[in-house]
Amino acid sequence: MCVLGCLSPPLLVEAAPPTNASHSLGIDRTNLAVIINSSDPLSVATGEYYAHARRIPATNVIRIALPVGSSEMSPDEFLRVKSQVDSVAPANIQAFALAWTAPYRVGCMSITSAFAFGYDRSYCANGCAATRLSTYFNSPSRSPFDELRVRPTMMLAGRSFNDTKQLIDRGIASDASFPRGRAFLLITSDTARNTRASLYPMAESAAAGLTDISVLKQDTLTDAKEVMFYFTGRDRVAGLETLTYLPGAIADHLTSFGGQLTDSGQMSALRWLESGATGSYGTVVEPCNFPQKFPHPALVIGRYIRGESLIEAYWKSVAWPGQGVFIGEPLAAPYRLRR
């Protein structure tokens, strides 16, 4: 994790609410495609359960065959698979849900960004450098593929079917729950991973009084209840087993390799889901400590509580997402009326 000389200025953007720029109601069960790896029994069980539980149309369930057990796909293999997916995806599909935990990486990109943008090295960095800006970042679009040719993608990740089933059930339970909840934004002693702290002051105005914001100067959060948002910067986060999350909760930690879901030398972002969160994020290759490569807390909070789904709010909060993987239940929508 780079400490000096690699950080560009923090993002100074407003957590603007969604606009009526699109006639779409956003990403929902009708325009999300579930992609299942037919070679992976856990992927099959997870994808089929999700499609049934979320009432995903059968035409929106796409089956492919990938090798099992590898954390990375080669760009050539990915291009073959992506071509297959694009050839059968219905024209109305705006987003993808990947029903597996590995592979999570394609060459220098995360697999969620590769599915969203196509494999493109401009979304990668060799060392401490900026990457290509996502056109979906803080966008008013509710139909990203129709308007931007981007299909935001999230992984239904877990180590077992029990893990993925519980994740899916939490997402569904969150729908139209309109929780007050609590947001915890930690300023830690880890200066290399604390670069989002300058963005925290925007979160209170973004929350518009609809959730309780606590900005805390401490390394560990323990015994907190009704957690809806939790953002921190550490290579490992202690105390997760003591927390009680609300359905639909979002939590992540800024560190180099949290997105290496199955084999990270740091804390995997999967730990957030295993402890009860519904969405998380981490980088799969060294990002350096650019806040632009991680979720902007004010943006994700602001968009989520104004009714966007988890996949929309989370994706729109990352300016340079090429190296980061999104995991969770994409259609969780605690602050949107049930459809």
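Bear in mind the structure is a predicted one, so any value in this text is a computation, not a measurement.
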Tell me whether Val44 is reachable from Val68 by hopping between hydrophobic residues (I, L, V, M, F, W, Y) whose side-chain heavy atoms are closer than 4.5 Å. no
Go through the steps to decide whether Met267 and Asp235 satisfy the test side-chain contact (heavy atoms from CB on, under 4.5 Å), and finish with yes or no. CA-CA 6 Å; Met267 189 184 92; Asp235 61 343; over 6 Å; no
Compute both the distance and the angle, then confirm whether Arg149 meets the cation-pi test with Phe145: under 6.0 Å from the six-membered ring centre, within 45 degrees of the axis. yes
With the side chain counted from C-beta on, respond yes when Val284 and Phe257 share a heavy-atom pair under 4.5 Å apart, and no when they do not. no
Exam field: side chain Arg105 to backbone Gly107, donor-acceptor pair closer than 3.5 Å: yes
Would the Trp272 and Tyr230 ring centres measure less than 6.0 Å apart? yes
Does Asp28 have any salt bridge (charged side-chain N to carboxylate O under 4.0 Å, His left out) partners at least two apart in sequence or in another chain, and if so, which? Arg339
Got a sec, which residues hit side-chain contact (heavy atoms from CB on, under 4.5 Å) with Asp263, two or more places apart in sequence or on another chain? Ser71, Tyr104, Gln260
Please list all pairs passing the disulfide (SG to SG under 2.5 Å) test where one or both residues lie in residues 60-115, with sequence neighbours left out. Cys108-Cys124
CG of Leu299 to CG of Asn138, rounded to nearest 0.5 Å, is 4.5 Å
To the nearest 0.5 angstrom, please state how far the CD atom of Gln84 sits from the CZ atom of Arg80. 6.0 Å
Across all chains, not counting sequence neighbours, the side-chain contact (heavy atoms from CB on, under 4.5 Å) partners of Glu274 are Arg159, Asp163, Leu270, Arg271
Sequence neighbours excluded, which residues qualify as side-chain contact (heavy atoms from CB on, under 4.5 Å) partners of Pro247? Ala173, Ser174
Contacts satisfying ring-ring contact (aromatic ring centres under 6.0 Å, His included) that involve residues 177-200 (not counting sequence neighbours) are none
Mark yes or no for whether Tyr304, through its side chain, and Gly248, through its backbone, hold a donor-acceptor pair below 3.5 Å. yes
Show every donor-acceptor pair shorter than 3.5 Å between a side-chain atom in residues 115-123 and any protein atom, with sequence neighbours excluded, or say none if there are none.
{"from": "Asp120", "atom 1": "OD1", "to": "Ser122", "atom 2": "N", "distance (Å)": "2.9"}
{"from": "Asp120", "atom 1": "OD1", "to": "Ser122", "atom 2": "OG", "distance (Å)": "2.8"}
{"from": "Asp120", "atom 1": "OD2", "to": "Ser122", "atom 2": "OG", "distance (Å)": "3.3"}
{"from": "Asp120", "atom 1": "OD2", "to": "Arg132", "atom 2": "NH1", "distance (Å)": "2.8"}
{"from": "Tyr123", "atom 1": "OH", "to": "Arg132", "atom 2": "NE", "distance (Å)": "3.4"}

Ile168 and Ile250: same hydrophobic cluster, using ILVMFWY side-chain contacts below 4.5 Å? yes
Does the side chain of Glu72 come within less than 4.5 Å of Pro103's, by heavy atoms? no
Can we say Lys82 and Asp86 salt-bridge, meaning some charged N sits less than 4.0 Å from an Asp/Glu carboxylate O? yes
Any carboxylate oxygen within less than 4.0 angstrom of a Lys/Arg side-chain nitrogen, looking at Arg142 and Glu312? yes
Under a 4.5 Å cut-off applied to non-hydrogen side-chain atoms, are Leu310 and Pro330 in contact? no
Kindly indicate whether the side chain of His253, heavy atoms from C-beta on, has any atom under 4.5 Å from the side chain of Gln266. no
For the residue pair Arg193 and Thr255, confirm or rule out a side-chain donor-acceptor distance under 3.5 Å. yes
So, using salt bridge (charged side-chain N to carboxylate O under 4.0 Å, His left out) as the criterion, who are the partners of Arg29 when residues are at least two apart? none
Is any side-chain heavy atom of Leu243 less than 4.5 Å from a side-chain heavy atom of Ser275? no
Regarding Gln323 and Thr283, do their side chains bring together a donor and an acceptor under 3.5 Å, going by distance alone? no
Inspect the contact between Glu308 and Arg336 and indicate whether a charged nitrogen and a carboxylate oxygen are less than 4.0 angstrom apart. no
side-chain contact (heavy atoms from CB on, under 4.5 Å) between Met154 and Leu98, intermediate numbers included: CA-CA 6 Å; Met154 184 168 281; Leu98 308 181; over 6 Å; no
Do Leu221 and Val215 share a hydrophobic cluster, counting only Ile, Leu, Val, Met, Phe, Trp and Tyr and linking them when any side-chain heavy atoms are less than 4.5 Å apart? no
Using a 4.5 Å cut-off on heavy atoms from C-beta on, say whether the side chain of Phe290 contacts that of Thr195. no
Residue pairs passing the side chain to side chain donor-acceptor pair (under 3.5 Å) test with at least one member in residues 218-227, sequence neighbours excluded, are Ser189-Asp219
Of all heavy-atom pairs linking Pro291 and Arg196, the shortest is CB-CG, 4.3 Å
Could you give the distance from CZ (Phe231) to NE2 (His296), rounded to the nearest 0.5 Å? 10.5 Å
Under the side-chain contact (heavy atoms from CB on, under 4.5 Å) rule, collect the residues that match up with Ala207, sequence neighbours excluded. Thr211, Ile213, Ile301, Ile305
Dump the intermediate steps for side-chain contact (heavy atoms from CB on, under 4.5 Å) on Thr278 and Leu167, then the final yes or no. CA-CA 6 Å; Thr278 305; Leu167 169 66; 4.3 Å; yes
Heavy-atom side-chain proximity of Arg182 to Phe229 below 4.5 angstrom: no
If we ignore hydrogens and angles and just use 3.5 Å, is the side chain of Arg151 paired with the main-chain N or O of Pro144 as donor and acceptor? no
Run the side-chain contact (heavy atoms from CB on, under 4.5 Å) test on Lys316 and Phe137 for me, step by step, so that the C-alpha distance in whole Å, both residues' side-chain angles and the decisive distance to 0.1 Å come before the verdict. CA-CA 4 Å; Lys316 291 181 182 183; Phe137 173 64; 5.9 Å; no
Asn60 side, atom CG; Phe96 side, atom CZ - distance, nearest 0.5 Å: 10.0 Å
Answer yes or no: is there a donor N or O on one side and an acceptor on the other, between the side chain of Asn92 and the main chain of Thr30, under 3.5 Å? yes
Any heavy-atom pair between the side chains of Tyr335 and Leu210 that's under 4.5 Å? no
Let me check something: do Leu156 and Ile35 share a hydrophobic cluster, defined by ILVMFWY side-chain heavy atoms less than 4.5 Å apart, either directly or through other members? yes
Do side-chain atoms of Ser113 reach the backbone of Pro321 as a donor and acceptor pair under 3.5 angstrom? yes
Pairs flagged by side chain to side chain donor-acceptor pair (under 3.5 Å) wherever residues 33-58 is involved - sequence neighbours left out: Thr46-Thr164, Glu48-Arg63, Tyr49-Asp169, Tyr50-Glu329, Arg54-Asp175, Arg54-Glu329
What's the separation between atom OG1 in Thr59 and atom CD1 in Ile62, rounded to the nearest 0.5 Å? 9.0 Å
Which residues satisfy the salt bridge (charged side-chain N to carboxylate O under 4.0 Å, His left out) test with Asp212, sequence neighbours excluded? Arg180
Are Ile64 and Ile36 connected in the hydrophobic side-chain network, where two residues link if heavy atoms are under 4.5 Å apart? yes
Judged by modelled atom types alone, do Ser74 and Glu77 share a side-chain donor-acceptor pair under 3.5 Å? no
Ignoring hydrogens and angles, state whether a donor on the side chain of Asn194 or Arg234 is under 3.5 Å from an acceptor on the partner side chain. no
